[in-house]
Amino acid sequence: MIDPVVLRENPDVLRRSQEARGAAVSLVDDAIEADLARRAALSTFEELRAEQNVFSKKVGQAAGDEKKALLAEVQQLSAKVKDASAVVVEVEAAYDIAVRKIANPVLDGVPAGGEEKFVTLREVGTIPTFDFEPRDHLELGEMLGAIDIARGTKVSGARFYFLRGIGARLELALMNMALDRALEAGFIPLITPTLVRPEIMEGTGFLGEHADEIYYLPADDLYLTGTSEVALAGYHSDEILDMTGGPLRYAGWSTCYRREAGSGGKDTRGIIRVHQFNKLEMFVYTTPDEAETEHQRLVAWQEGMLQSLGLSYRVIDVAAGDLGSSAARKFDIEAWVPTQDAFRELTSTSNCTTYQARRLDTRYRGENGKTTPVATLNGTLATTRWLVAILETHQQADGSVIVPEALRPYLGGLEVMTPLAPLTPSTPVTA
RNA sequence: GGAGUCGUCGCAUAGUUCGGCCUAGUGCACCACCCUGCUAAGGUGGAGAACUCGUAAGGGUUCCGAGGGUUCAAAUCCCUCCGACUCCGCCA
């Protein structure tokens, strides 16, 4: 939710942001109007209510005829209060709707425009070259007995898979490595619920733009989360946090579920885009003036992971039009995927400033002792998708894959993953 | 799933019988000052969350798990929901 003070005193900030996002500028004026209507109704109600309170007190003290007379008088007033109160409810609901339509104002420097207007901040690492025809991650995964799509589909349908053998181990190794990095950086590990109540899903803003991406269980009125960000953001909802010890950093591990509606036909091969995967997510609560610095730290931790894994990548500053409504700025890191001849997103980190915290009512006590919303940030530290880049980048001609050094301690020192069967690309995985 | 007990301003509690004296009291913790030769005790005062009116000083309104209802008036009565605990049942 946007800052109502900004709406009142500095609406141009919001107008410029809406413009950059390619969203409707008129929403700002709608909200201003709704705010005025709301405050007017509130004043009317409160004055009547104050009057009624005085009367009620008198009634309580009076007796006999005097009481009867007072009662007759106050009854009309009571009706008026009721009406005024109904108006307030109505007008506040309208205000709420109007204000929630406005996205978080983007930070200075965020490139304006749609998805393709992103700015590449840097490219790191050398793009791998091969003196043989590189295999894609699925072919490698099948040779290694690491990925079993056929059986995933048999059991659960399209976009499901089994990670098996070295594949299963590799994912756990990756997650553990990421967790160790997070611990070094002072994060508190958290294994989060993946089913959440509607108000939490709503509060994190996912029910708006991502509504049809989300699995819903009607029998229990619960949503399956597409990222542990949801639970991590809800963790401190309705709380006043102590920020004197610096930022509160959490590393949330969870399985993530996404319907991938609307991405039909895209990335149908392998495990690039799937309904279920695992992710270690960083989530930070901090003061608003620290948020941008923290955002840079999150990117640095992400880059540290990718570098340790020997991946080449680029960092992009995502364009305003491609930001979620909660994010004021977002950096994506995309790793080079050799067989696609392209960079593919492996991480994303958003600075949500106070927007998300306002919705979830997460505050801290500022210098003057007043409570004020915190800033929240989130970012990926590892996901299943990373296996794609790792396998393809470090493959050798015989279909074996070199284990990046940083991962070896997590795989009992294993240096190379070797194919199960002789080289026949279509070799089915056998049990 | 069944039966029962319960949910009060950071923590702990009073208040709910029988609606108005609740402007929600008290203890602990907290902040400021005073006193005191000292990591203590005592004294005085302050202090919940949110919205809103006002340049300000200072007002007003709301909040007793959440939401409705009854009433001139609800922490208190009624309904629904959420949560905690206890016992029973079931269980990959």
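Note on naming: letters A, B, ... go to the chains in the order of the sequence lines (proteins, then strands), and numbering restarts at 1 for each one.
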Undergrad: For residues 75-82 of chain A, dump all side-chain donor-acceptor pairs below 3.5 Å to protein atoms at least two apart in sequence or in another chain.
TA:
none

Undergrad: So, A:Glu139 versus A:Gln395: side-chain donor-acceptor pair below 3.5 Å or not?
TA: no

Undergrad: Quick one: is A:Arg38 getting a side-chain N or O under 4.0 Å of the B:C51 phosphate, OP1 or OP2?
TA: no

Undergrad: Quick one: list whatever passes salt bridge (Lys or Arg N to Asp or Glu O under 4.0 Å) with A:Glu303, sequence neighbours left out.
TA: A:Arg122

Undergrad: On RNA chain B, compare the nucleotides closest to A:Arg363 and A:Gln75; which residue's is nearer the 5' end?
TA: A:Arg363

Undergrad: Checking A:Asp96 now: which residues fulfil salt bridge (Lys or Arg N to Asp or Glu O under 4.0 Å) with it, not counting sequence neighbours?
TA: A:Arg100

Undergrad: Would A:Gln18 and A:Arg21 satisfy side-chain hydrogen bond (donor to acceptor under 3.5 Å, both in side chains), going step by step from the backbone distance to the final call?
TA: CA-CA 5 Å; A:Gln18 290 290 98; A:Arg21 284 171 176 270; 5.0 Å; no

Undergrad: What protein N or O atoms touch nucleotides 75-82 of chain B N or O atoms at under 3.5 angstrom, if any, and at what distances?
TA:
{"from": "B:C82", "atom 1": "O3'", "to": "A:Arg197", "atom 2": "NH2", "distance (Å)": "2.8"}

Undergrad: Touch check for A:Arg358, heavy atoms < 4.0 angstrom, all strands: base, sugar-phosphate only, or nothing?
TA: nothing

Undergrad: If I pick the C1' atom on B:G65 and the same atom on B:A49, what distance separates them, to the nearest angstrom?
TA: 15 Å

Undergrad: Which pairs pass salt bridge (Lys or Arg N to Asp or Glu O under 4.0 Å) with one or both residues in residues 235-255 of chain A, sequence neighbours excluded?
TA: A:Arg249-A:Glu294

Undergrad: Nearest whole angstrom, please: distance from the P of B:A73 to the CD of A:Gln76.
TA: 14 Å

Undergrad: Sticking with atom C1', work out how far B:A24 lies from B:U76, rounded to a whole angstrom.
TA: 12 Å

Undergrad: From B:A49, B:A73, B:C53, pick the nucleotide closest to the side chain of A:Thr371?
TA: B:A49

Undergrad: Polar pairs (N or O, both sides) under 3.5 Å between protein and nucleotides 59-63 of chain B?
TA:
{"from": "B:G60", "atom 1": "N2", "to": "A:Glu46", "atom 2": "OE1", "distance (Å)": "2.9"}
{"from": "B:G60", "atom 1": "N2", "to": "A:Glu46", "atom 2": "OE2", "distance (Å)": "3.2"}
{"from": "B:U61", "atom 1": "OP1", "to": "A:Asn53", "atom 2": "ND2", "distance (Å)": "3.2"}
{"from": "B:U62", "atom 1": "OP1", "to": "A:Arg49", "atom 2": "NE", "distance (Å)": "2.7"}
{"from": "B:U62", "atom 1": "OP1", "to": "A:Arg49", "atom 2": "NH2", "distance (Å)": "3.3"}

Undergrad: Looking only at the aromatic ring of each residue, does the gap between the centers of A:Tyr250 and A:His236 stay below 6.0 angstrom?
TA: yes

Undergrad: Can you pull out every salt bridge (Lys or Arg N to Asp or Glu O under 4.0 Å) where at least one residue sits in residues 401-418 of chain A? Sequence neighbours excluded, please.
TA: none

Undergrad: Can you tell me how far C1' in B:C9 sits from the matching atom in B:A47, rounded to whole Å?
TA: 11 Å

Undergrad: Any ring-ring contact (aromatic ring centres under 6.0 Å, His included) involving residues 257-281 of chain A? Give me the pairs, sequence neighbours left out, ordered by first then second residue.
TA: A:Phe160-A:His275

Undergrad: Applying a 4.0 Å non-hydrogen cut-off, can you work out what A:Lys58 is touching in the nucleic acid: base, sugar-phosphate, or nothing?
TA: nothing

Undergrad: Look at the side chain of A:Ser56 and decide which nucleotide, out of B:U23, B:G20, B:A50, has an atom nearest to it.
TA: B:G20

Undergrad: For B:G48 and B:G10, measure between their C1' atoms and round to the nearest Å.
TA: 9 Å

Undergrad: Identify the nucleotide, in any strand shown, that forms a Watson-Crick or G-U wobble pair with B:G7, with both distances under 3.5 Å; if there is none, say none.
TA: B:C82

Undergrad: Suppose you measure atom P in B:A29 against the same atom in B:C88; what distance do you get, rounded to whole Å?
TA: 41 Å

Undergrad: Could you please spell out the steps behind the side-chain hydrogen bond (donor to acceptor under 3.5 Å, both in side chains) verdict for A:Ser228 and A:Glu281?
TA: CA-CA 7 Å; A:Ser228 61; A:Glu281 176 87 350; 5.4 Å; no

Undergrad: Could you please name the partner base of B:C30, counting Watson-Crick and G-U wobble pairs only when both distances are under 3.5 Å?
TA: B:G46

Undergrad: Using a 4.0 Å heavy-atom cut-off, does A:Lys80 contact any base of the nucleic acid, only the sugar-phosphate backbone, or nothing at all?
TA: nothing

Undergrad: Give the rounded distance in Å between these two atoms: CZ of A:Arg365 and C1' of B:C31.
TA: 12 Å

Undergrad: OP1 or OP2 of B:U23 less than 4.0 angstrom from a side-chain nitrogen or oxygen of A:Lys57, does that happen here?
TA: yes

Undergrad: Can you check the distance between B:G67 and B:A74, where both ends of the measurement are the C1' atom (answer in whole Å)?
TA: 15 Å

Undergrad: Rounded to whole Å, please give me the gap between CZ in A:Arg39 and P in B:C51.
TA: 12 Å

Undergrad: Got a sec, which pairs hit ring-ring contact (aromatic ring centres under 6.0 Å, His included) with one end in residues 184-209 of chain A, sequence neighbours left out?
TA: A:Phe187-A:Trp301, A:Phe206-A:His210

Undergrad: Could you tell me the Watson-Crick or G-U partner of B:U13, where both distances fall under 3.5 Å? Say none if there is no partner.
TA: B:G25

Undergrad: Starting at atom CZ of A:Arg359, determine the distance to atom C1' of B:A50, rounded to an integer number of angstrom.
TA: 19 Å

Undergrad: Between B:C63 and B:A3, how many Å separate the two C1' atoms, rounded to a whole number?
TA: 33 Å

Undergrad: Would you say that more than 12 heavy atoms from the other residues, nucleotides or ligands in this model lie under 6.0 Å from the CD of A:Gln52, or not?
TA: yes

Undergrad: Using Watson-Crick or G-U wobble geometry with both distances under 3.5 Å, which nucleotide pairs with B:G19?
TA: none

Undergrad: Please give, in whole Å, the distance from B:G54 P to A:Leu42 CG?
TA: 13 Å

Undergrad: Can you name the residues that form a salt bridge (Lys or Arg N to Asp or Glu O under 4.0 Å) with A:Arg358, not counting sequence neighbours?
TA: A:Asp3

Undergrad: Rounded to whole Å, please give me the gap between CD in A:Gln52 and C1' in B:A73.
TA: 7 Å

Undergrad: Give me the distance, rounded to whole Å, that separates B:C64 from B:U8 when you measure between the C1' atoms they each carry.
TA: 4 Å

Undergrad: Sequence neighbours left out, what passes salt bridge (Lys or Arg N to Asp or Glu O under 4.0 Å) with A:Arg38? Give chain and number order.
TA: A:Asp35, A:Glu92

Undergrad: I need the CG-P distance between A:Leu36 and B:C51, as an integer number of Å.
TA: 17 Å

Undergrad: Identify the nucleotide, in any strand shown, that forms a Watson-Crick or G-U wobble pair with B:G1, with both distances under 3.5 Å; if there is none, say none.
TA: B:C88

Undergrad: Could you list by number each residue of residues 234-243 of chain A showing a heavy-atom separation from RNA chain B of less than 4.0 Å, or answer none if no residue does?
TA: none

Undergrad: Please confirm whether the shortest side-chain N or O distance from A:Ser78 to OP1 or OP2 of B:U71 is below 4.0 Å.
TA: no

Undergrad: Nearest-Å distance, CD (A:Glu92) to C1' (B:A50)?
TA: 11 Å

Undergrad: For B:G54, which nucleotide in any strand shown is its Watson-Crick or wobble partner with both distances under 3.5 Å?
TA: none

